[in-house]
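To start, the structure under review is shown below, and the notes come after it.
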Number of protein chains: 2
Amino acid sequence: MSDAADVLIEHCREAGQRITGPRRIIADVVAKADDHPDVTEIYRRVAAIDPGISLSTVYRTLKVFAATGLVERHSFAGGRVRIEPASDVHHDHLIDTESGAVIEFRSEEIERLQALVARELGFELTGHRLVLYGRPLAKVERRDLKR
Amino acid sequence: MSDAADVLIEHCREAGQRITGPRRIIADVVAKADDHPDVTEIYRRVAAIDPGISLSTVYRTLKVFAATGLVERHSFAGGRVRIEPASDVHHDHLIDTESGAVIEFRSEEIERLQALVARELGFELTGHRLVLYGRPLAKVERRDLKR
DNA sequence: ATGCATTTGCGAATGATTCCCATTAAAGGA
DNA sequence: TCCTTTAATGGGAATCATTCGCAAATGCAT
C-alpha cells in the first residue's frame, strides 16, 4: 500500500466516504498508475489483487474518486475513458500519434491565454482540455529546434 | 439544396465516392448545421426530409465525409460524437457550462504556442484539440474586462 | 439500357458504462 | 466488543452510441 494511496484514502474519508476493502485496493492501483490506464485496465490490475472485486465497483469507485477530485477522467481518442491520479500541478497531454504514448506537459503561457480568451468571449474559465497530437521528430529534424 | 451542400457533394465525387440520394440529403443537412449536432440529431433532420434513410447510413456517410475531410467529428463531453461541417479556418471551442452552448473561437497565439510546445518536446504538431469550459460572466462582472 | 461494384436498410452485435437490488460490510454508539 | 443504521458491493440486466453482416437496391461507366 503506497503513500499516495493513503493520501487518496484519507481524502476519501474526509469527503465522508466509507473506506472499504475494494476502495483501498482501487486507490492503490490508481495511485501507482503512471500510464493513464482505461477502466478495464484498472479492473484487470485490481482483479489481480482481489479477483472478487466487480467491474461495477471499479466504475463506481472511480466516479467517487473523480467527484472528490482525486482522479481525473480523460477521454482522449474516441471511446473509453482513461484515468490518472490527480496531481496538484495541472498539466495537459501530448499524444505520440505513432506509438500512442501519452506525454504530460505544462505551459504557463497557454494557460494564461486560455483564461484571457475565455474572458474576451464573456466567460469565466472553469476548466479546459487540451490535447496535442504529434509525430516524433527524427534526430536530424531536431537540429533547428528554435528558442 | 444549399451551395455548401453542393460543395460537399462535389468533393465527395472527386474523392471517388458515389453520389446517392441519401448522401445528397445528409450533405444538405450537415452543410446547414451551425450548431454542432450529434449524429442522432442529424438523423432526425435527415428523416424529416426522407424518412426512409436509416441511422446506419447516416453514421456511414458521416464517416465517409469525415474521412474525406468534409466534416469534423468532435467528442466534447462524454459520450456522443458531435458533427460540424469542416471550414477552411481552424477554430477551437468553448462550452458554456450553464447552457451547454458551443462557442467557436480562434487564437493565433495559442495555435503558435502549441506548435512551439510540441517542438520543445520533440514532436511535430499534427493536430490538437482544445476545449475551454466556462461560466458566463454576469454583466456587472464584465466591467473590468481587460485588454 | 446492362453489368457490377457500392450503398443502403434493417436488425443483430458490440463495447463501454450505468442501473437495479438483494446481500454484505463500514462506522458510530451502547 | 456487539448492535444498528446506512452506504457499498456483486453480478447480471439494461442502456446508449456505434458498428457489422448481408440481402436487396441503386449509381455509374459502358
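We name chains A, B, ... by the order of the sequence lines, and we start the count at 1 in each one.
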Taking NZ, NE, NH1 and NH2 as the nitrogens, is one of them in [X] or [Y] under 4.0 Å from a carboxylate oxygen of the other?
| X | Y | value |
| --- | --- | --- |
| Arg45(A) | Asp35(A) | yes |
| Arg24(A) | Asp28(A) | no |
| Glu108(A) | Arg106(A) | yes |

Check: Arg60(B) side chain, dG9(C) base, donor-acceptor under 3.5 Å: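 Yes, a donor-acceptor pair under 3.5 Å.
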Separation of Ile83(A) CD1 from Ile42(A) CD1 (nearest 0.5 Å):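 Between atom CD1 of Ile42(A) and atom CD1 of Ile83(A) there are 5.0 Å.
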Inter-residue atom distance Leu125(A).CG - Arg112(A).CZ, 0.5 Å rounding: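 Here the rounded value is 13.5 Å.
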Ile53(B) CD1 - dA24(D) C1' separation (whole Å):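 Rounding to the nearest Å, CD1 of Ile53(B) and C1' of dA24(D) are 17 Å apart.
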Protein proximity profile, nucleotides 24-30 of chain C - base contact B, sugar-phosphate-only contact S, no contact -, cut-off 4.0 Å on heavy atoms: -BBS---
Contact letters for nucleotides 11-18 of chain C, in which S counts primed atoms plus P, OP1 and OP2 and B counts the base, heavy atoms under 4.0 Å: B----SBB
Donor-acceptor side-chain pairing of His36(A) and Glu72(A) below 3.5 angstrom: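 No, no side-chain donor-acceptor pair sits under 3.5 Å.
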Side-chain donor-acceptor pair present, Glu111(A), His90(A), cut-off under 3.5 Å: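 A pair is found: one side chain offers a donor N or O, the other an acceptor, under 3.5 Å apart.
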Closest-nucleotide ordering on DNA chain D, the 5'-leading residue of Pro51(A) and Val64(A):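 Result: Val64(A).
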Pair Tyr133(A) + His128(B): ring centers closer than 6.0 Å: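 Not close enough - the centres of the two rings lie 6.0 Å or further apart.
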